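Only one structure is covered here, and it is reproduced in the block below.
Just so we're clear, the structure is a prediction, and the values are computed from it rather than from any experiment. Numbers restart at 1 for each chain; the letters A, B, ... are given by sequence-line order, proteins then strands. For the numbers below, each heavy atom of this structure counts, side chains included, while hydrogens, waters and symmetry mates do not.
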Amino acid sequence: MDAIILQTFNGLSLGSILLMVSLGLAFAFGLMGVINMAHGEFIMIGAYTAYVFQEAFAHSLGGVEAGVWFVLAIPAAFLVAALLGALMEVTMIRFLYGRPLDTLLATWGAGLVLQQAARSIFGAPNVNVSSPIWLQGGFDFGAQLLLPYKRIFIIVLVAVIIGAVYFYLYRSANGRRLRAVMQNREMASCLGVRSRWVDASTFALGTGLAGVAGVALTQLGSIGPSLGTFYIVDAFMVVVLGGVGRLPGTILAALLIGISNTLLELGTSATVGKVLVLLAIIAFLQWKPSGLAALQTR
Amino acid sequence: MAQKFRIARGWGKLWRIGSLHSLVALLLLLSILAGCAAPAAPAAEATEAPAAEEAAAPAADAPEGDTIKVGVLHSLSGTMSISEVSVKDATLLAIDEINAAGGILGKMLEPVIEDGASDWPTFAEKARKLIQQDQVAVVFGCWTSASRKAVLPVFEELNGLLFYPVQYEGLETSPNIFYTGAEPTQQIIPGVDFLVNELGAKSIYLLGSDYVFPRTANLIIKAQLEHLGITLAGEEYVPLGGTEFSTIISKIEEAKPDAIFNTLNGDSNVAFFKQFKDAGFTAETLPVISVSVAEEEVRGIGAENIAGHYVSWNYYQTTDTPENKAFVAAYKAAYGEDRVTADPIEAGYFGVYVWKALVEAAGSFDVDAVRAAAKENDIEIAAPGGPIKVDGETQHMYKTVRIGQITDDGLITEVWASDGPVKPNPWLKGIDWAEGLAEGASQ
Amino acid sequence: MKNQNRTFLALLMRWGPFLIITALFLLAPQFISPFRLSQLGKFLTFAIIAVGLDLIWGYGGMMSLGQGLFFSLGAYGFAMYLKLLASGDKIPDFMFWSGLTELPWFWAPFSNPLFAVVAALVIPSLIAAIVGYFIFRSRVQGVYFSIITQALTLLTSIWFVGQQAYTGGTNGITNLGSAKFFGQSLLSTGVQTGFYLATVICLALVYVLARWVTDSRFGRLLIALRDDEARVRFLGYDPVLIKTLVFTLSAGIAALAGVLFVPQVGIISPANMGVVPSIEMVIWVALGGRGTLIGAIVGALVVNFGRSYFSETYPEIWQYFLGLLFVAVVLLFPAGIVGSLMQGFNWLRIRIQGEPMSDMTEYGTTPYRPITLGHSASNLSAPAAPAATSTSTATSATASATVSSPSSTTATAKGGS
């Protein structure tokens, strides 16, 4: 029984991590048709923002263990990544709308530059971001069952982000404009929506979410210049499996991949588990080429 | 009027028919030119080409002058750069020191740095470039086994010389490679012995990246465990760069081993130790011994996540020798107070001195002469990690085995050491339980 | 008689530059150093992949991220032969480390060079044909096609890494140096030059084949599919068949490149199979110019020589230059190097003689026209261009009316259509 609960929890946790890294991509790719290969690098920027906050402010804000710096790093990483994303949108992406494959090339180049920049600024070796005391350890439910706080934290964080994104898209004036532009750009422009502004802000929102994911991932993985490359392919799988442009599909896809990956891995090995999951994704896309969202709309 | 059009059309036809292809011709010619212009000295190349062809041992007839070129080939970009950049720094430090002290045989060393970009065919290409194009006397470089295997045929074909600074899985010797890192009998096998003899482990779990070094190392360990009568609690491999360990940690919980032998590579270590600690394990309840985690990796993992666990190497920043004090001070002075030294960094550093000693013994930079010098003389140097002796037969080093424990400040203190340097035995000769492995090795 | 001369001249004009360039490449071993030659040989195998990718992407509109897979499978097939040759009567070293004592059954036939080459070409093509058939049958298009091929590549490379005993794991198949050809080592200059020449000839043949395919009726269908698949289907053609065929062809071409790659580089590993190399292949084609064939070759050579130039000159910061190069080309030359040159050339031509190069398709040079995805940035600027074209076509029509020669009227007729 314990083993089943633990494994379900592990699956949920992996799903939440996948969702975290792919949510921002779902914005850029799903809503705007931009294949942002530099998405992983924005995750990396978020992680380094957390590192900078730890180095710069941990002492003045009650020490590393108290974790005030960590809480502050989350909005800060959002801002830093969003600003850099906006910069990229203004200087590069906006010339490429309607040419999704060209965005792939240009953002790939931008990704190389960002990686090298991280290497030049922070050095090539990995850096460490410590955990606040309240993220160490976990809920102990007896012999075999211990649920780490960090994983629970990430699940909660993802839930909060999804709530915020939902609110932004469907309950705010900005979100309404965004949806209007995505549905019919000309009409929206005619009615006075500044579509340029909407483009820039949507892209920045996507990269900002990547930044937040970066802060959360510092608690589980390594922080180095090529951090983003570990997540980018998985993120694309999630978005495509979910169905491009469908937020509920993305959520479902992330959880499905997460749970099936952990279950298959338990039965076999990490390598075989991953291969089986990929096979399943391919088979599913054969069957429903437009992803999980197709199941919902029909 | 008509006449004018006729001329225009005539040109038009030429343009139309030939257009694309003359364009292409131009472009391709340009690209060939670009290809030839890529080397630093394009003009010299055409004339040098025949010379390069016959010069199988380029170092032998290296140009007369005050400098001699040495190659430094590491991944400065890509995933492996997290580890390799520091080794490159240490190698350059040794080169600078040697130059400051007057060079070798009256010549100054001129480093030629190349980026292997964490890509094995790129390593092979750059190795060829260093030997054929730059005619370097020696190359210091590589980290992963895969990159070493990729460049090995190039070094053998062109009779170059490689100093390889990282511990590896053994079962290899090449007349063109000097191995300054440990082979299994100097790291892995003593590590297992330590778990069994000192920590009293009765069942051991093997965890590694899905990669040649861990798989081959575990093959050796499994033979050893069988010989020692120790239970193999489990064996798991994670795809390279994997960051998700929740399921593997569950499996480890289930298997209840006494200790874990960890051959994870690079970034995966960070994720593993962070998640391992969160799952409630400590070094007291389940000790982990690692062979790819040194001081620099500890910094990335965070000392608080790994303190108390064990590592097996030949050198630590805390190793107490006068040479090490000087080395650590010089390294920090050159690259910053916050930098740490580690075993591969040290091996990348003293490798240059080993080469210097060999060249001076040979009285020549020639590869064959250097190799002969290694066989004929007992070359010994005082490395930061203690005395090093070159084994002329295998071209490996005699090294002292040191088991260390990670402390709260991110450094490593020695808890066990071998009695003096251990003779290298990359083919595991004469070890009866490794017979099956050694058998084919001796072929 | 005069006409015959003219066609001969036209043929010479058309293929002359191609022959000259091929000859130049064939003569290259005389002029450049062995190192540069080995580099050039490697990059030319990349150019072969690029031509195949251009067929399916530039002409067929399907961006395959699976070329790395087909390339590597071809390379593995031939590497197996070379490894067996290099190992003599022993089993390959990596099998031994992995605990095998006997050669696996599927390795055995690869000791025959003919079988190895044929298998190296046929197996990837077959995989492409089967996978392609199922993908295209379920009408998977655009980005989904790219992602499926990417997933396929990823899972194969993970699987190859995991099967160390049979594939050499992460190291791949390497240390082929002791393989002997006619008594000479694989890595000796003589054998290497031989493989280089074979590469040049294969590239030339692949180019001619691709040119022939794109100039044929089949090629036009392919372009039609790219631009409007539904219409082609309604006209009674079977898009599944056409797409599967071209996918298989491009996979076979990539596999051929793999066969030529291995002996020259001496290593093939799952790292060459993965996602990143496949994306880089796409970049070569995009940078050179989609839908131009020549652009693919130019792109592969320019990117790779650029990469090695930058990394040799600035080993520690070269990624800045490469990254900025990609960005700059995409922003400033969206049609790629060759595509942009052709556009500029066309512009010049209109300036000089008032006639657009409207018969581009006749030479199979159809630059990729991106399909808009809801955004109409390109639509806004579109109206201006056709207007200019139609006026200039009108001028050239009057021109051909005044001076009538049989061949020129057909040319303008085509131009007008």
- Task: Classify the angle between the aromatic ring planes of C:Phe305 and C:Phe43 as parallel (below 30°), tilted (30 to 60°) or perpendicular (above 60°).
- Result: perpendicular
- Task: Under 4.5 Å, counting heavy-atom pairs only, tell me which of C:Gly172, C:Ala28, C:Ser188 racks up the most with chain B.
- Result: C:Ser188
- Close approach to chain C in residues 216-226 of chain B, criterion heavy atom under 4.5 Å: B:Thr216, B:Leu219
- Query: If you count heavy-atom pairs under 4.5 Å between each of C:Pro270, C:Ser311, C:Gly16, C:Gly168 and chain B, which one has the most?
  - Reply: C:Ser311
- Item | B:Tyr211 side chain to B:Ser145 backbone, donor-acceptor under 3.5 Å | yes
- For chain C, the option from B:Glu114, B:Glu156, B:Arg128, B:Glu125 that forms the most heavy-atom pairs under 4.5 Å: B:Glu125
- Task: Applying side-chain contact (heavy atoms from CB on, under 4.5 Å), run through C:Phe46 and C:Glu280 and close with a yes or a no.
- Result: CA-CA 10 Å; C:Phe46 292 163; C:Glu280 283 183 355; over 6 Å; no
- By a 4.5 Å heavy-atom criterion (distance strictly below it), what part of C:Asn304 contacts chain B: side chain, backbone, both, or neither? neither
- Message: Are there over 12 heavy-atom neighbours, none belonging to B:Trp433, within less than 6.0 Å of that residue's CH2?
- Response: yes
- Message: Less than 4.0 angstrom from a charged side-chain N to a carboxylate O is my criterion; do C:Glu316 and B:Lys88 meet it?
- Response: yes
- Message: Quick check on B:Ala150 against chain C: is it the side chain, the backbone, both or neither that has a heavy atom closer than 4.5 Å?
- Response: both
- Query: Do you know which of C:Thr174, C:Ile268, C:Leu187 has the most heavy-atom pairs with chain B at a distance under 4.5 angstrom?
  - Reply: C:Leu187
- When rounded to the nearest 0.5 Å, the distance separating NZ of B:Lys69 from CG of B:Leu130 is 9.5 Å
- Note on the structure: When the 4.5 angstrom heavy-atom criterion is applied to B:Ile113 and chain C, the contacting part is both
- B:Trp120 vs B:Phe123 aromatic rings, parallel, tilted or perpendicular, using cut-offs 30° and 60°? tilted
- Sorted by chain and residue number, the salt bridge (Lys or Arg N to Asp or Glu O under 4.0 Å) partners of B:Glu172 (sequence neighbours excluded) come out as B:Arg148, B:Lys149
- Task: Among the options C:Ile317, C:Val265, C:Val161, C:Leu176, pick out the one with the most heavy-atom pairs lying under 4.5 Å from chain B.
- Result: C:Val161
- Item | Partners meeting ring-ring contact (aromatic ring centres under 6.0 Å, His included) with B:Phe213 (sequence neighbours left out) | none
- Message: At a heavy-atom distance under 4.5 Å, which candidate from C:Gly295, C:Gly266, C:Ser269, C:Gly162 has the highest pair count against chain B?
- Response: C:Gly162
- Query: What part of B:Tyr237 gets closer than 4.5 Å to chain C, counting heavy atoms only: side chain, backbone, both or neither?
  - Reply: neither
- Under the ring-ring contact (aromatic ring centres under 6.0 Å, His included) rule, collect the residues that match up with C:Phe71, sequence neighbours excluded. C:Phe261
- Query: Is B:Asp134 paired with B:Lys129 through a side-chain N to carboxylate O contact shorter than 4.0 Å?
  - Reply: yes
